[in-house]
Amino acid sequence: MTAPIQRVVHRVIMPIETSSDVMPLYLDVDAWSSLSGDDADLSFRVSGRNAASLVTGRRSIRLAADSSVSLGTYFNAFPAAYWRRWTAVREVTLAIHTVGDGEIAVVRSNARGVMQTVHVAPVSGDSLLELDLSLDYFVDGGWYWFELTSSATSTLELVDAEWRAAVESAVADDASESDRSGLVIAITTMNRESFCLDLLRRIASDGEVTAEIDTIFVMDQGSRLLRDADGFDEVVSALGGRLVVIEQDNIGGAGGFARGMYEAVRSGSAAHVLLLDDDVQVEPEGILRALRFSRSTVTPMIVGGHMFDMYDKSRLHAIAEGIDTELFDWGPIGPTRHDFTNSNLRQTKWLHRRFDSDYNGWWMSLIPVSTIEKVGLALPVFIK
């Protein structure tokens with residue numbers, strides 16, 4: 001393994017579009033109460049405010065005087081239990097830059113969803129708070145997050161915040177693998193030009209994401225070619241020469257992704273290939289988090305992304321997918337179609353348990369190139 005270097009592994013972010021249906025995934029501004037008795041895992045909202053009005057930038061928010069907000073949300077809580085289980089990291093550093101007067105509280109949870117405040121710090125003026133936080137507590141579940149409260153007389157602005165870790169690369173199988181570090185993205189498309197171009201624009205919108213990418217291969221299997229679509233030239237320019245479109249006969253989505261895997265192996269420089277459906281509205285930060293997590297796992301690992309409902313964007317289809325090897329049956333682990341608008345991370349106890357997946361769909365799967373070299377390309381057919 002390479003020597004550990006402290007790197008940013010998780011940036012606190014705000015949505016690209018501040019629409020009300022995605023805000024619960026980023027900010028929790030509501031007060032909640034849990035029900036008792038048989039309904040103890042359910043919760044209800046006591047009061048609410050417009051979270052979108054707090055957002056001032058991709059990584060910043062501003063609180064009015066005498067108000068509060070929690071970053072204990074799907075996108076902004078730190079998944080401590082997964083880092084504890086699958087990497088050698090045992091401590092993370094939380095860095096929070098604020099301007100104004102108020103208070104920062106750092107909170108952790110366990111696998112049962114029990115929350116504990118582990119640090120409270122007053123902040124004033126232009127302030128940078130850095131805390132080293134242990135992961136020893138998170139054996140079978142739990143998250144870290146922080147909450148902001150402004151003073152009675154002052155606004156409080158979150159300028160940015162990030163989680164850092166001293167990470168090592170996964171064990172290399174041979175000396176040649178140590179020369180690889182790049183990321184290849186593979187997208188299969190067929191007559192979905194507008195969706196595919198929107199996806200490419202979202203990737204291009206984040207400079208830290210594009211800086212990690214060697215090449216984006218788009219396998220165009222349609223009768224209407226992507227290169228003929230309005231806006232194609234602008235997307236090519238925005239990606240700075242990273243886009244390669246391969247036009248081929250339609251051999252299905254799996255066949256298209258197999259071609260993308262082949263191109264990643266053939267590149268000689270890619271350590272990972274990320275498979276993406278052409279019609280997903282990807283959160284670019286998710287690409288960075290998956291890549292940085294995969295780079296720091298103890299052994300090479302496929303890292304999958306979650307799917308939300310495109311038309312009901314706060315609704316998560318499944319937290320993980322599993323296989324019953326005795327019955328050869330498969331499906332979601334835990335509840336399905338969870339709506340974060342109705343019950344956010346802080347209020348949903350089962351989300352604090354660590355779920356370990358057996359498989360993931362094509363929509364977002366990050367695969368080490370070394371794994372493809374070992375087991376071969378995907379078959380060009382759709383099977384489970």
Verdict with supporting geometry, Arg11 and Glu162, salt bridge (charged side-chain N to carboxylate O under 4.0 Å, His left out)
CA-CA 4 Å; Arg11 300 179 298 176; Glu162 59 194 25; over 6 Å; no
Stepwise salt bridge (charged side-chain N to carboxylate O under 4.0 Å, His left out) check, Glu17 with Lys313
CA-CA 12 Å; Glu17 304 95 358; Lys313 294 180 181 178; 5.4 Å; no
Under the ring pair (Phe, Tyr, Trp, His ring centres under 6.0 Å) rule, what do Phe78 and Phe138 come out as? Steps first, then yes or no, please.
CA-CA 12 Å; Phe78 181 76; Phe138 303 93; 8.5 Å; no
Give the intermediate values and the outcome of salt bridge (charged side-chain N to carboxylate O under 4.0 Å, His left out) for residues Glu234 and Arg201.
CA-CA 9 Å; Glu234 290 81 0; Arg201 289 188 190 100; over 6 Å; no
Passes side chain to side chain contact (heavy atoms under 4.5 Å, CB included), Phe293 versus Val167? Steps please.
CA-CA 9 Å; Phe293 181 80; Val167 299; over 6 Å; no
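Counting only distance, with no hydrogens or angles, the side chain of Arg315 and the backbone of Asp309 share no donor-acceptor pair below 3.5 Å. Between the side chain of Arg90 and the main chain of Asp136, no donor-acceptor pair closer than 3.5 Å is present. Of the possible donor and acceptor atoms, one in the side chain of Gln347 sits under 3.5 Å from a partner among the backbone N and O of Asn344. Ser68 places no side-chain N or O within donor-acceptor distance of the main-chain N or O of Thr149, the cut-off being under 3.5 Å. With hydrogens and angles ignored, the 3.5 Å screen pairs a side-chain donor or acceptor of Thr210 with a backbone N or O of Gly207. Using a distance-only test at 3.5 Å, with no hydrogens or angles considered, a donor-acceptor pair links the side chain of Thr297 to the main chain of Thr299. Between the side chain of Ser151 and the backbone N or O of Ser154 there is at least one donor-acceptor pair closer than 3.5 Å. Side-chain atoms of Arg242 come within 3.5 Å of backbone N or O of Leu239 as a donor-acceptor pair. Judged by distance alone, the side chain of Arg58 and the main-chain N or O of Met14 form a donor-acceptor pair under 3.5 Å. Between the Gln221 side chain and the Gly252 main chain, a donor and an acceptor come within less than 3.5 Å of each other.
Between Trp362 and Phe257, the ring planes lie parallel to each other; the angle is under 30°, not in the 30° to 60° tilted range.
A salt bridge does not link Arg289 with Glu212: every distance from a Lys NZ or Arg NE/NH1/NH2 to an Asp or Glu carboxylate oxygen is 4.0 Å or more.
Across Asp358 and Gly322, no two heavy atoms sit closer than the pair OD2-CA, 3.3 Å. Of all non-hydrogen atoms in Ser150 and Thr155, the two that sit nearest each other are CB-C, 4.4 Å. Pairing each heavy atom of Val369 with each of Ala270, the nearest pair is CG2-O, 3.4 Å. Scanning all heavy atoms of the two residues, the minimum distance from Asp277 to Leu199 falls at O-CD2, 3.2 Å. Of all non-hydrogen atoms in Pro24 and Ser20, the two that sit nearest each other are CD-O, 3.3 Å.
With rounding to the nearest 0.5 Å, the separation of CD1 in Ile104 from OG1 in Thr98 is 4.5 Å. Note that CG of Leu158 is 8.5 Å distant from CZ of Arg59, once rounded to the nearest 0.5 Å. Rounding to the nearest 0.5 Å gives a distance of 8.5 Å between CG of Leu226 and CD of Glu247. The CZ atom of Arg295 lies 4.0 Å from the CG atom of Leu291; values are rounded to the nearest 0.5 Å.
Side chain to side chain, Ser296 and Thr87 fail the donor-acceptor criterion of an N or O pair below 3.5 Å. When only modelled atom types and interatomic distance are considered, Glu321 and Ser357 share no side-chain donor-acceptor pair under 3.5 Å. Side-chain atoms of Asn76 and His10 form no donor-acceptor pair, as typed in the model, at a separation below 3.5 Å. No hydrogens or angles considered: a donor-acceptor pair under 3.5 Å links the side chains of Asn191 and Ser223. Between the side chains of Asp101 and Ser124, at least one donor N or O sits under 3.5 Å from an acceptor N or O. A donor atom on one side chain and an acceptor atom on the other are not found under 3.5 Å apart for Tyr74 and Glu283.
The residue from Leu129, Val123, Asp160 that alone fulfils the side chain to side chain contact (heavy atoms under 4.5 Å, CB included) condition with His97 is Asp160.
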Can I get a per-line list of side-chain donor-acceptor pairs under 3.5 Å for residues 107-115, giving both atom names and the distance, sequence neighbours left out?
{"from": "Arg108", "atom 1": "NE", "to": "Gln116", "atom 2": "OE1", "distance (Å)": "3.3"}
{"from": "Arg108", "atom 1": "NH2", "to": "Gln116", "atom 2": "OE1", "distance (Å)": "3.1"}
{"from": "Ser109", "atom 1": "OG", "to": "Trp143", "atom 2": "N", "distance (Å)": "3.0"}
{"from": "Ser109", "atom 1": "OG", "to": "His352", "atom 2": "ND1", "distance (Å)": "2.7"}
{"from": "Asn110", "atom 1": "OD1", "to": "Arg112", "atom 2": "N", "distance (Å)": "3.0"}
{"from": "Asn110", "atom 1": "OD1", "to": "Gly113", "atom 2": "N", "distance (Å)": "3.2"}
{"from": "Asn110", "atom 1": "OD1", "to": "Val114", "atom 2": "N", "distance (Å)": "3.0"}

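Note: the hydrophobic cluster containing Val244 also contains Tyr262 (ILVMFWY, side chain heavy atoms under 4.5 Å, direct or indirect links). When hydrophobic clusters are built by joining Ile, Leu, Val, Met, Phe, Trp and Tyr residues whose side-chain heavy atoms come closer than 4.5 Å, directly or via intermediates, Ile16 is not grouped with Met307. Cluster membership check: Val89 shares its hydrophobic cluster with Leu131, using side-chain heavy-atom separations under 4.5 Å among Ile, Leu, Val, Met, Phe, Trp and Tyr. Both Phe146 and Tyr137 are members of a single hydrophobic cluster when ILVMFWY side chains are connected at heavy-atom separations under 4.5 Å. A chain of hydrophobic side-chain contacts below 4.5 Å, direct or via other Ile, Leu, Val, Met, Phe, Trp or Tyr residues, connects Leu133 to Leu135.
By the neighbour-count criterion of 12 heavy atoms within 6.0 Å, atom CG of Asp230 is sparsely surrounded, having that number or fewer from other residues, nucleotides or ligands. Phe355 CZ: more than 12 foreign heavy atoms inside a 6.0 Å radius.
In terms of the side chain to side chain donor-acceptor pair (under 3.5 Å) criterion, residue partners of Ser314 (sequence neighbours excluded) are, by chain and number, Asp339, Thr341.
Contact of the Ile213 side chain with the Ile203 side chain is registered, since non-hydrogen atoms from C-beta on lie closer than 4.5 Å.
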